[in-house]
There are 2 protein chains.
Amino acid sequence: MNLTKTTSYSLNVLNYMAQNREVICSANYLHEKLKIPHQYLRQLLTKLSKDGFIHSTRGRNGGFVFSKKISEIFLADIIESTEGLDSFNKCMLGFSDCPFDSKCAMHDFWVDTRERIINELKTKSLEDLILKK
Amino acid sequence: MNLTKTTSYSLNVLNYMAQNREVICSANYLHEKLKIPHQYLRQLLTKLSKDGFIHSTRGRNGGFVFSKKISEIFLADIIESTEGLDSFNKCMLGFSDCPFDSKCAMHDFWVDTRERIINELKTKSLEDLILKK
DNA sequence: ATTAAATGCTACCTAAAGGTATCATATATG
DNA sequence: CATATATGATACCTTTAGGTAGCATTTAAT
Ligand code: SF4
Ligand code: SF4
């Protein structure tokens, strides 16, 4: 019942950037602020660039800034980019072939819960996270 | 947002055994029925024995049977045994140190959802799964 | 121009989850 | 007793997520 470490890193980075939009964030800067392993963070930032969340500028004073409004970046998008949302769409109990003829006692509960979670992740943007600050 | 493959295997095995309590299940038998890798399954069964869910008998015609009532084995117990429930008790967004002074927009939602899930897992037993069959 | 500081790329390393192989031991049955 | 079929234990292999290293390229400051 958890997101991968990589997803967590991504959320952490993008959330930090959303809260500090006045600075152009270099990998090195983010590394110092967030204590994410430097080289791994760099890979991750490149990936987030490729996936269109942020834009990079190279050379001295370079770094990363958002390439679209943070109100348009939803948590589900970030998760989708790093680990996919597929795991949210499977049987809660991990069965690939459901062993029950009709349903087990968990089924309705899980379908409902899952829907609530996915809906939440699809509607909460990086901006929403901050607003309540 | 998923249980480990090993947890899924465990649930699969114990659920099958709960639905077929008339047979003494050997590792080999379960392997054929559930297509779980044979040796890995054996390790897993031994673990489930040590953790008190099932009891093993060795030798010809040996195998595994429940060592307590299936109405007393809750899904949370099984998950706890294979991967622990700790991941259910963390920030949904994977932050170890919450970066928000008060809360972010997800916090209350997640605390509530998490509680519902854990409660469900702690109250649904192997017997409950079957009853609705 | 030179240098410092940044990203792009890519090959490699490590740790943990998942999976295999094998020997020792137990037991029912012919 | 001999054999077939179980589990116990344990060492090892494989795959994948996570992490490191280093060279090439870009750009600003001097
Ligand atoms: S009925 Fe139960 S086991 Fe089957 S798919 Fe739904 S939650 Fe999974
Ligand atoms: S407020 Fe948000 S980021 Fe902080 S612990 Fe709660 S869910 Fe996580």
Side-chain angles (χ1 to χ4, degrees), chain A residues 1-14 17 23-67 78-84 86-87 94 96, chain B residues 1-14 17 23-67 79 81-84 86-87 94 96:
Chain A
M1 183 58 62
N2 40 26
L3 303 171
T4 64
K5 212 166 181 176
T6 305
T7 299
S8 172
Y9 284 161
S10 296
L11 288 167
N12 217 324
V13 165
L14 294 177
M17 287 178 66
V23 277
I24 296 177
C25 295
S26 70
N28 212 33
Y29 178 81
L30 289 167
H31 164 64
E32 278 162 13
K33 289 292 181 188
L34 303 174
K35 311 296 178 198
I36 298 170
H38 183 242
Q39 291 293 9
Y40 197 61
L41 175 57
R42 286 191 51 208
Q43 285 181 13
L44 202 148
L45 286 164
T46 301
K47 175 112 199 314
L48 291 173
S49 279
K50 285 185 175 164
D51 287 349
F53 298 109
I54 53 182
H55 171 259
S56 70
T57 50
R58 297 173 75 167
R60 192 164 182 162
N61 299 341
F64 301 86
V65 291
F66 283 105
S67 56
I78 302 166
I79 297 171
E80 174 65 47
S81 148
T82 50
E83 63 174 280
D86 294 357
S87 59
S96 46
Chain B
M1 183 58 61
N2 39 25
L3 302 171
T4 63
K5 211 165 182 177
T6 304
T7 297
S8 172
Y9 284 161
S10 295
L11 288 167
N12 218 325
V13 164
L14 293 177
M17 288 179 65
V23 277
I24 297 178
C25 295
S26 69
N28 213 34
Y29 177 80
L30 289 167
H31 163 65
E32 278 163 12
K33 289 292 180 187
L34 303 175
K35 310 297 179 198
I36 298 171
H38 183 242
Q39 292 293 7
Y40 198 60
L41 174 59
R42 286 190 51 207
Q43 285 179 14
L44 201 149
L45 287 163
T46 301
K47 175 111 199 314
L48 291 173
S49 280
K50 286 185 175 164
D51 288 349
F53 298 109
I54 54 183
H55 171 259
S56 70
T57 50
R58 297 172 76 167
R60 193 167 181 157
N61 299 342
F64 302 87
V65 291
F66 282 105
S67 56
I79 297 172
S81 148
T82 49
E83 63 174 281
D86 295 357
S87 58
S96 46

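Every chain is numbered from 1, with letters handed out A, B, ... down the list of sequences.
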Distance-only check: which donor-acceptor pairs under 3.5 Å involve side-chain atoms of residues 52-62 of chain B, not counting sequence neighbours?
from	atom 1	to	atom 2	distance (Å)
B:Thr57	OG1	B:Gly63	N	3.4

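- Taking atom CD1 of residue A:Ile36 and atom C1' of nucleotide D:dA17, one finds them 16 Å apart after rounding to whole Å.
- Rounded to a whole Å, the OH atom of B:Tyr40 is 5 Å from the C1' atom of C:dG18.
- Contact annotation: B:Ser56 does not reach the phosphate of D:dT7 (side-chain N/O to OP1 or OP2, under 4.0 Å).
- Between B:His38 atom NE2 and D:dT5 atom C1' the separation is 10 Å, expressed in whole Å.
- Residue B:Tyr9 forms a side-chain contact (heavy atoms from CB on, under 4.5 Å) with just one option from B:Leu45, B:Thr4, B:Leu44, B:Leu3, and that option is B:Leu44.
- Here C:dG18 presents its P atom at 14 Å from CG of B:Leu41, a figure rounded to the nearest Å.
- Per the geometry, CD1 belonging to A:Ile24 stands 11 Å off P belonging to C:dT7, to the nearest Å.
- Of the side-chain N and O atoms in A:Thr6, one or more sit less than 4.0 angstrom from OP1 or OP2 of D:dG18.
- B:Lys33 NZ to B:Cys25 SG: the interatomic distance, rounded to the nearest 0.5 Å, is 9.5 Å.
- For the pair B:Gly59 and A:Ala27, nearest-nucleotide mapping onto DNA chain C gives the more 5' position to A:Ala27.
- Here C:dT3 is the nucleotide among C:dG18, C:dT3, D:dA6 with the atom lying nearest to any side-chain atom of A:Arg60.
- Side-chain proximity of B:Phe64 to the nucleotides D:dT7, C:dT22, C:dG18 is greatest for D:dT7.
- For the pair B:Lys35 and C:dG19, the criterion of a side-chain N or O lying under 4.0 Å from OP1 or OP2 is not met.
- B:Thr4 has no side-chain polar atom (N or O) that falls below the 4.0 Å cut-off from OP1 or OP2 of C:dA17.
- Put simply, CZ on B:Arg42 is 16 Å from P on C:dG19, counting in whole angstrom units.
- For the OP1/OP2 pair of C:dG18 and a distance below 4.0 Å, the side-chain nitrogens and oxygens of B:Tyr9 include no atom meeting the criterion.
- To the nearest angstrom, C1' of D:dT16 lies 14 Å from CD of A:Gln43.
- No donor-acceptor contact under 3.5 Å links the side chain of A:Arg58 to the base of D:dT27.
- Phosphate contact (OP1/OP2 of C:dT29, side-chain N/O of B:Asn61, threshold under 4.0 Å): present.
- Residues A:His31 and A:Ile36 approach most closely at ND1-O, 2.7 Å, considering heavy atoms.
- The interatomic distance linking B:Lys47 (NZ) with D:dT10 (P) rounds to 16 Å, in whole Å.
- Annotation: side-chain hydrogen bond (donor to acceptor under 3.5 Å, both in side chains) contacts of B:Thr6 (sequence neighbours excluded): B:Tyr40.
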